[in-house]
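From a predicted model like this one, the values you see are computed outputs, not experimental measurements. This chain uses plain numbering: 1 for the first residue, then up along the sequence.
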Amino acid sequence: MRTTAPSRIEDHALLGNTVSAALVRPDGSINWACLPGFDSPAVFASLLGTDEHGLWRVGPAVYDGSPPPAADRRHYVGNSLVLRQVWDTSAGTVAVTDFMPAPTVSDHAEPWIIRIVEGISGEVRVASLFRPRPGYGATRPYFERTAHGAHRLRVTAHPDSYWLDDPQHTANVRGVCRADFTVRAGQSVVLTLAWAPSHRPAGPVPPDAFTELDVTTEFWEQWAAGCTYRGPDREAVVRSALTLKALCHPGGGVIAAPTTSLPEQLGGERNWDYRYVWLRDSALTIAALLRLGFLDEARQWRNWLVDTVNPERLQPIYRVNGDADLDEETLDHLPGYEGSRPVRIGNGAADQLQLDVYGELADTLLLAEDAGLAPSPQCDALLLALAEQLERRWREPDEGIWEIRGPARHFTHSKVMCWVAVDRTLRLLERRSATDPAVLVRLAHLREQIHTDVCTRGFNPESGTFTQSYGSRALDASLLLLPLVGFLPPDDKSLIRTVEAVQRELTEHALVLRYATRGDADGNVDGLAGHEGAFLACTFWLAESLAVIGRHSEARELFDRLLPLRSDLGLLAEEYDPLARRQLGNYPQGFSHWSLTDAAVRLATRPQARRPALPGPRAAVDQALPPAVMA
């Protein structure tokens, strides 16, 4: 079978139902789909290999061996995740509408992918090429025509079954199923794919596709209508919000991205599995949604935290169902996206110490209450327990926000976020009349201690800037978050010099690198060989930081340069290669999209830090109370 050329990462469209996801190429091929959940083994994995590793293409038929044509036009239907692609052929025009039905109270235990082929004009010959390969492309499944209808095909690879309905597909000995049919103007043909456990003798009953289309479109439209942002670039903000919503599981977990091993450097080893819940990423996603007026996702996320997190064994990453098992392994049968190996599943960073996580959690939990979420005694207890752990561990080196695979260090950003954790916990608990004043005094003392430590050890007096880590002279883009979290006043000279130094020394083609890389593992702080693209989130942080320090027009100019880097569907991966003009990394990336919305909100309002710096404790605690162990 001929192998199609890989599409650029940004050429893919996202389908999702907040439980699972799929990617669609412009030629009508679904080349990545994990069913029934985000972190389930992919049934279509040609994104990370060849056609041999699984795909499902629906589009104009091709018989001469030439590549299937890309759609002439495509768009999401309104503010939804319903994709419509249109082909103009010599015989007529045909459209394919792809979607995953909207989430329901059942959380879609049996997810569907629905594809509606519609004749617009003339008569177009259409082909459905169905090549499922469960287990990330490793398994050739068993095909059978069921007794429940001549047009129902069951594909089984224990413990999963996939049920394909209409039109009738023929299967060859190589496990390739094909259906060819003609659509005329005004005609429609529906194809549906469902997942179910293989032990069930009968598959799910196919839904009415057009009813599901209306319900799904309305679901997304109604949700998007709740966005309170009315500033410039609302279209970009709403599309980013919709993308973030697609990553929010109804159970409360928020995944980082729906893909694994899309490379940060083409042909390199910087390939990671992002289909899990990073406490950091999930908190920042929820914070962005809160700033846009969405509260339900915060409530679900907070409940997930209380049910999942054990403060004494905190890890930075969990599965969406709360499981902590994330053993990392490589899939050697997959050649990787454009030869980028290894392909990884699981994530070894789950075993790291990432001290900044405490800060993002506390910051978002306080923001959620400020936005209207009712106080939670269970959440208060969790925060206080986390603060107790932080008091014991904040002086330790860690792997930091970038999850380095080299030696642990005292990263300045990590220590700043420890300060944030204590500061936000103190702010929240001082609202509770039952809180022991001695606890508040202890927290206030710890906050000041961390602040002094950072300003002393994370600062280079020669350059007048903060540094990547204690004792280092290097810079790091995470330092751009210092003015955004209120660590120092926005007019502080050391803060301004740090923002300017990052802008001067860590930008290429006006885009920000996370940190300098030298091309070899020994010389890189992250312990990995090779380089990487510019980090999109960090560039949005620069725009925000410039606004905070008063350079608003410059911030606006940078933001306007970033928006065109989105795909034609408004989606962003993790990084961008300004020379190749390509997106890199897992896609679509929540980190990039929440950074976009935060920057848009910042630029649409009067510049200010997210929270004032160094507030005093409650007045009743200003008395000289002796330090006490937090209880």
**Student:** Within this structure, what is the CG-CD1 distance for the pair L572 and I9, rounded to the nearest 0.5 Å?
**Tutor:** 12.0 Å
**Student:** Check whether the ring centres of W223 and F294 lie less than 6.0 Å apart, and answer yes or no.
**Tutor:**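 Yes, ring centres under 6.0 Å apart.
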**Student:** Are R344 and D273 within salt-bridge range, i.e. N to O under 4.0 Å?
**Tutor:**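 No, this pair does not count.
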**Student:** For H53 and S46, does a side-chain donor sit closer than 3.5 Å to a side-chain acceptor?
**Tutor:**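 Their side chains do not contain a donor-acceptor pair, so the 3.5 Å distance test is not met.
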**Student:** Only one of V357, I317, V254, L284 passes side chain to side chain contact (heavy atoms under 4.5 Å, CB included) with L279; say which it is.
**Tutor:**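 Only one of V357, I317, V254, L284 forms a side chain to side chain contact (heavy atoms under 4.5 Å, CB included) with L279, namely V357.
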**Student:** Measuring from atom CG of L15 to atom OH of Y76, what distance do you get when rounded to the nearest 0.5 angstrom?
**Tutor:** 6.5 Å
**Student:** Do the side chains of P111 and S20 get nearer than 4.5 Å, heavy atoms only?
**Tutor:**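 Result yes, sub-4.5 Å side-chain heavy-atom pair found.
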**Student:** Hydrogens and angles aside, do D160 and W195 bring a side-chain donor and acceptor to less than 3.5 Å of each other?
**Tutor:**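 Side-chain D/A pair, D160 to W195: present.
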**Student:** Indicate whether the side chain of E403 and that of Q354 have a donor and an acceptor atom separated by less than 3.5 Å.
**Tutor:** yes
**Student:** Spell out, as yes or no, whether a donor-acceptor pair under 3.5 Å connects the side chain of E575 to the backbone of G585.
**Tutor:** no
**Student:** Does the S567 side chain pair with the main chain of L569, one donor and one acceptor, at a distance under 3.5 Å?
**Tutor:** yes
**Student:** Parallel under 30°, tilted from 30 to 60°, perpendicular over 60°: which one fits the rings of W402 and F591?
**Tutor:** tilted
**Student:** Please determine, by modelled atom types, if W87 and T93 share a side-chain donor-acceptor pair under 3.5 angstrom.
**Tutor:** no
**Student:** Taking the side chain as C-beta and beyond, is there a heavy-atom pair between I120 and V94 under 4.5 Å?
**Tutor:** no
**Student:** Using the rule side chain to side chain contact (heavy atoms under 4.5 Å, CB included), only one of V343, L334, V43, L48 pairs with Y136; which is it?
**Tutor:**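 Among V343, L334, V43, L48, the one meeting side chain to side chain contact (heavy atoms under 4.5 Å, CB included) with Y136 is L334.
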**Student:** Strictly below 4.0 Å, N to O, side chains only: are D325 and R319 in salt-bridge contact?
**Tutor:**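 Looking at D325 and R319, the cut-off is not met.
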**Student:** Could you check whether any side-chain heavy atom of S80 comes within less than 4.5 Å of a side-chain heavy atom of L242, counting everything from C-beta outward?
**Tutor:**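 Side chain of S80 against side chain of L242, heavy atoms only: no contact under 4.5 Å found.
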**Student:** Go through it in stages, so that I can follow the logic: the residues are E297 and R302, the test is salt bridge (Lys or Arg N to Asp or Glu O under 4.0 Å), and I'd like the CA-CA distance, side-chain angles, deciding distance and then a yes or no.
**Tutor:** CA-CA 9 Å; E297 290 73 21; R302 190 175 71 175; over 6 Å; no
**Student:** Treating N586 as the side-chain partner and W272 as the backbone partner, does any N or O pair qualify as donor plus acceptor under 3.5 Å?
**Tutor:**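 Yes.
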**Student:** Of T216, L83, T217, which is the lone residue that meets side chain to side chain contact (heavy atoms under 4.5 Å, CB included) with F99?
**Tutor:**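 Running side chain to side chain contact (heavy atoms under 4.5 Å, CB included) over T216, L83, T217 with F99 returns exactly one hit, T216.
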**Student:** Can a side-chain donor-acceptor contact be found between T18 and H249 if the only test is distance below 3.5 angstrom?
**Tutor:** no
**Student:** I would like to know whether R405 and E328 meet salt bridge (Lys or Arg N to Asp or Glu O under 4.0 Å); could you show each step before the answer?
**Tutor:** CA-CA 13 Å; R405 303 242 168 165; E328 187 173 293; 3.0 Å; yes
**Student:** Charged N to carboxylate O below 4.0 Å: is that the case for R84 and E118?
**Tutor:** yes
**Student:** Is there a side-chain contact between W301 and C248, using heavy atoms and a 4.5 Å cut-off?
**Tutor:**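 No, every pair of side-chain atoms sits at 4.5 Å or beyond.
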**Student:** Would you say the side chain of L562 lies within less than 4.5 Å of the side chain of F540, judging by non-hydrogen atoms?
**Tutor:**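 SC-SC contact between F540 and L562 confirmed.
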**Student:** Classify the side-chain pair D332/T330 by whether it contains a donor and acceptor separated by less than 3.5 Å.
**Tutor:**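 Per modelled atom types, D332 and T330 side chains form a pair under 3.5 Å.
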**Student:** Could you grab the distance from atom CD of E52 to atom CZ of R140, nearest 0.5 Å is fine?
**Tutor:**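 Here the interatomic distance stands at 7.5 Å.
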**Student:** Among R57, R115, R25, exactly one meets side chain to side chain contact (heavy atoms under 4.5 Å, CB included) together with I30. Which residue is that?
**Tutor:** R115
**Student:** Output yes when R73 and D88 qualify as a salt bridge under the 4.0 Å nitrogen-oxygen rule, no when they do not.
**Tutor:**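 A salt bridge is present here (some side-chain N lies under 4.0 Å from a carboxylate O).
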**Student:** Would L584 and L262 count as a side-chain contact (heavy atoms from CB on, under 4.5 Å) here? Give the steps.
**Tutor:** CA-CA 7 Å; L584 297 172; L262 289 179; over 6 Å; no
**Student:** Start with the C-alpha distance between L331 and I345, add both sets of side-chain angles, then the distance that settles side-chain contact (heavy atoms from CB on, under 4.5 Å), and finish with yes or no.
**Tutor:** CA-CA 7 Å; L331 302 179; I345 59 172; 3.7 Å; yes
**Student:** Is it the case that the side chain of D11 and the backbone of R8 share a donor-acceptor pair, with hydrogens and angles ignored and the cut-off at 3.5 Å?
**Tutor:** yes
**Student:** Is there a donor-acceptor contact under 3.5 Å from the side chain of Q85 to the main chain of D72?
**Tutor:** no
**Student:** Charged N to carboxylate O under 4.0 angstrom, E574 versus R514?
**Tutor:** no
**Student:** When you compare the side chains of T597 and S240, does any donor N or O come within less than 3.5 Å of an acceptor on the partner?
**Tutor:**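 There is no such pair (donor and acceptor under 3.5 Å, judged by atom type) between the side chains of T597 and S240.
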**Student:** Mind checking whether H12 and Y587 have parallel, tilted or perpendicular rings, split at 30° and 60°?
**Tutor:** perpendicular
**Student:** Say you draw a straight line from CD of E360 to OG1 of T285; how long is it, rounded to the nearest 0.5 Å?
**Tutor:**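 Going from CD on E360 over to OG1 on T285, the span is 11.0 Å.
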**Student:** Between Y276 and D323, do the side chains contain an N or O donor and an N or O acceptor separated by less than 3.5 Å?
**Tutor:** no
**Student:** Quick one: do R131 and D51 satisfy salt bridge (Lys or Arg N to Asp or Glu O under 4.0 Å)? Show the steps, please.
**Tutor:** CA-CA 8 Å; R131 186 174 191 147; D51 292 2; over 6 Å; no
**Student:** Are side-chain N/O atoms of R125 and T182 paired as donor and acceptor at under 3.5 Å?
**Tutor:**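 Side-chain D/A pair, R125 to T182: present.
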**Student:** So that I know where these two stand, are Y162 and W56 an aromatic pair - ring centroids less than 6.0 Å apart?
**Tutor:**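 Between Y162 and W56, the centre distance exceeds or equals 6.0 Å.
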**Student:** Using a 4.5 Å cut-off on heavy atoms from C-beta on, say whether the side chain of P258 contacts that of L247.
**Tutor:** yes
**Student:** Is the shortest side-chain N to carboxylate O distance from D577 to R582 below 4.0 Å?
**Tutor:**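 Here D577 does not pair with R582 in a salt bridge, since their nearest N and O are not under 4.0 Å apart.
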**Student:** Measuring only between side-chain heavy atoms, which start at C-beta, is R270 closer than 4.5 Å to S340?
**Tutor:**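 Sidechains of S340 and R270: no contact.
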**Student:** Give a yes or no on whether a salt bridge exists between E399 and R280, defined as a side-chain N under 4.0 angstrom from a carboxylate O.
**Tutor:**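 The answer is no: the pair does not qualify as a salt bridge.
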**Student:** Shortest non-hydrogen contact from A21 to F38?
**Tutor:**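 Taking every non-hydrogen atom into account, CB-CE2, 4.1 Å.
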**Student:** I need the S595 OG to F535 CZ distance, nearest 0.5 Å.
**Tutor:** 8.0 Å
**Student:** Donor-acceptor pair, distance only, cut-off 3.5 Å: does the side chain of Q222 make one with the backbone of F219?
**Tutor:** no
**Student:** Start with the C-alpha gap between R154 and Y142, add the side-chain angles, then the distance that decides, and say whether side-chain contact (heavy atoms from CB on, under 4.5 Å) holds.
**Tutor:** CA-CA 8 Å; R154 182 182 187 183; Y142 174 70; over 6 Å; no
**Student:** Determine whether L191 and D165 make a side-chain contact, defined as any pair of heavy atoms from C-beta on separated by less than 4.5 Å.
**Tutor:** no
**Student:** With side-chain contact (heavy atoms from CB on, under 4.5 Å) as the test, would you mind laying out the steps for D98 and I114 before giving the verdict?
**Tutor:** CA-CA 6 Å; D98 294 330; I114 297 179; over 6 Å; no
**Student:** Please report the interatomic distance CG(N271) to CZ(R341), rounded to the nearest 0.5 Å.
**Tutor:** 10.5 Å
